[in-house]
Amino acid sequence: MPGTSRSGNRAAGRRRTLRHALPSVVALLVTGSLWMAVTGPLTRSDPPAAQRDVEAVSGDPADRSHPRGRQVGPHRVERLRVKVLETLPHDPKSFTQGLEMAGGTLYEGTGLSGRSSVSSGLPGKPPKVRTGLPAPLFGEGITLLGRTLWQLTWRDGIAIERDATTLRELRRVPYADEGWGICFDRDKRQLVTSDGSARLTFRDPRTLAKRGEVTVTEDGRPVTRVNELECADDAVYANVLPTERIVRIDPVTGAVTASIDASGLLHADELVPGSTLNGIAAVPGTDHFLLTGKFWPKMFRVALLPAQPPSRTPPLNRQWAVAPSGTR
């Protein structure tokens, strides 16, 4: 039949076309498989497990936000001043090296060979407990760790652990660095110490072994002669010897976050050779501080306020008297 013949011819043509096209299709599929094997899939694959873990913690691919992955820029330095709330008497013979409060008790460490001591009592009152250091020990900064107290020495190579109530000596441990300031960071459970340089050192509170360190900087420049320390409000407050300035330091980066002007607390006729601001104690339960200094006849309870705009009148040039020889 004519229709059957035309249908058979069309089917035969399709079979011949398929036989000719099949090798080309197979070649195309093989080539595509090889290209995919070499170049990888068209869609983005998941990052490696280690990278996924970093992104999960930092929230940023490749951990660009992590301090180790970027330069930490300079902090904005807040300018503060002290406002005197109360003036208290202070022993003018005390060469103050460390000051700290716990509850209502004020602890003070003093220096000079043959005159060094550590004492405790009510602020502005004669001490209830006092213990001297035998010569030639030169007492330095102090800090409390609950039932015990650490007292540094300047260049004697030891630190002394004491009972916080009786101030009785419990033991001595080697201390290779110069002892200057010390405070206890309760959040991180570590000691913070200074040695007169721009360095803060972090230490084990039991053994005083070093855990790490950071350089104190202001606007990117080192701040040297960091002295007496106070750990408070997730920061470290430090006297800068021999100035009337206190700096607030971020202990993570070492950057100064505030510069505190504590000038003018004493009158010129109250200064003697060696008089230097050196003593910071945070008042528990408040945002106030107790400030005093070496051979200062007064102690001040102060609040920190924003600094006033600079005056056009040149500031009074206060010249500190030179300290006695063999001291700092």
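- Applying the side-chain contact (heavy atoms from CB on, under 4.5 Å) test between Ile246 and each of Leu304, Leu291, Leu80 identifies Leu291 as the sole match.
- Summarising the geometry of Gly220 relative to Thr217, their closest heavy-atom pair is C-CB, 4.1 Å, with the distance given to 0.1 Å.
- For the pair Leu106/Leu99, a side-chain contact is recorded, criterion being any heavy-atom separation below 4.5 Å from C-beta on.
- Ring geometry for Tyr237 against Phe289 counts as tilted: the plane angle lies between 30° and 60°, on a 0 to 90° scale.
- Side-chain atoms of Trp180 and Glu228 include no donor-acceptor pair closer than 3.5 Å.
- Residues Leu290 and Phe300 form no side-chain contact, since every pair of their non-hydrogen atoms from C-beta on lies 4.5 Å or further apart.
- Counting only N and O atoms by type, the side chains of Gln151 and Arg162 include a donor and acceptor under 3.5 Å apart.
- Listed for the Trp150 side chain is a donor-acceptor partner under 3.5 Å among the backbone atoms of Pro205.
- Pairing each heavy atom of Leu152 with each of Gly181, the nearest pair is CD1-O, 3.7 Å.
- Taking 4.0 Å as the cut-off between side-chain N and carboxylate O, Arg211 and Asp204 count as a salt-bridged pair.
- The side-chain heavy atoms of Val77 and Asp219, taken from C-beta on, include a pair separated by under 4.5 Å.
- Once rounded to the nearest 0.5 Å, the distance linking SG of Cys183 with CG of Leu229 reads 5.0 Å.
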Audit row: Arg199, Asp195, salt bridge (charged side-chain N to carboxylate O under 4.0 Å, His left out) steps and yes/no | CA-CA 7 Å; Arg199 180 174 60 241; Asp195 59 7; 2.4 Å; yes

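- Between the side chain of Thr292 and the backbone N or O of Lys298, at least one donor-acceptor pair lies under 3.5 Å.
- The side-chain heavy atoms of Tyr175 and Asp156, taken from C-beta on, include no pair separated by under 4.5 Å.
- Comment: Arg172 engages Glu169 in a salt bridge, judged by a side-chain N to carboxylate O separation of less than 4.0 angstrom.
- A salt bridge does not link Asp261 to Arg79: none of the charged nitrogens lies less than 4.0 Å from a carboxylate oxygen.
- Hydrophobic cluster membership differs between Leu137 and Leu112, with clusters built from Ile, Leu, Val, Met, Phe, Trp and Tyr side chains linked at under 4.5 angstrom.
- Considering only heavy atoms from C-beta on, Val226 comes within 4.5 Å of Leu200 through its side chain.
- Across all non-hydrogen atoms, the minimal contact from Val240 to Thr243 is O-OG1, 2.6 Å.
- Between Lys188 and Asp234 there is no salt bridge, since no side-chain N of the basic residue sits under 4.0 Å from a carboxylate O of the acidic one.
- Shown here for Ser120 and Thr105, the closest heavy-atom pair between the two residues is CB-CG2, 3.9 Å.
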Between Arg245 and Glu218, does a salt bridge (charged side-chain N to carboxylate O under 4.0 Å, His left out) hold up when you go through it step by step?
-> CA-CA 13 Å; Arg245 186 169 81 115; Glu218 184 173 11; 3.0 Å; yes

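- Between Thr96 and His90 the shortest side-chain heavy-atom distance falls below 4.5 Å.
- Atoms CG and CD, from Asp187 and Gln190 in turn, are 10.0 Å apart once rounded to the nearest 0.5 Å.
- When side chains are defined from C-beta on, Leu145 counts as touching Leu191, because their heavy atoms get closer than 4.5 Å.
- No side-chain donor-acceptor contact under 3.5 Å links Thr131 and Arg168.
- Closest approach of Ala198 and Pro222 over heavy atoms only: CB-CB, 4.0 Å.
- Side-chain contact, Thr276 with Asn278: no donor N or O sits under 3.5 Å from an acceptor N or O.
- For the atom pair CZ (Phe184) and SG (Cys231), the distance works out to 9.0 Å, reported to the nearest 0.5 Å.
- A donor-acceptor contact shorter than 3.5 Å is absent between the side chain of Tyr107 and the backbone of Leu149.
- Glu108 and Ser119 share no side-chain donor-acceptor pair at under 3.5 Å.
- A heavy-atom distance below 4.5 Å is found between the side chains of Leu266 and Trp296.
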Run the numbers on Glu140 and Thr153 for side-chain hydrogen bond (donor to acceptor under 3.5 Å, both in side chains), then give the verdict.
-> CA-CA 5 Å; Glu140 282 288 344; Thr153 59; over 6 Å; no

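- Ala282 approaches Ala232 most closely through the heavy-atom pair CB-CB, 4.1 Å.
- Ser117 OG to Gln97 CD: the interatomic distance, rounded to the nearest 0.5 Å, is 10.5 Å.
- Judged purely by distance below 3.5 Å, without hydrogens or angles, the side chains of Arg115 and Thr110 never pair a donor atom with an acceptor atom.
- In the hydrophobic clustering of ILVMFWY residues, with side-chain heavy atoms under 4.5 Å counting as a link, Phe202 and Ile249 come out together.
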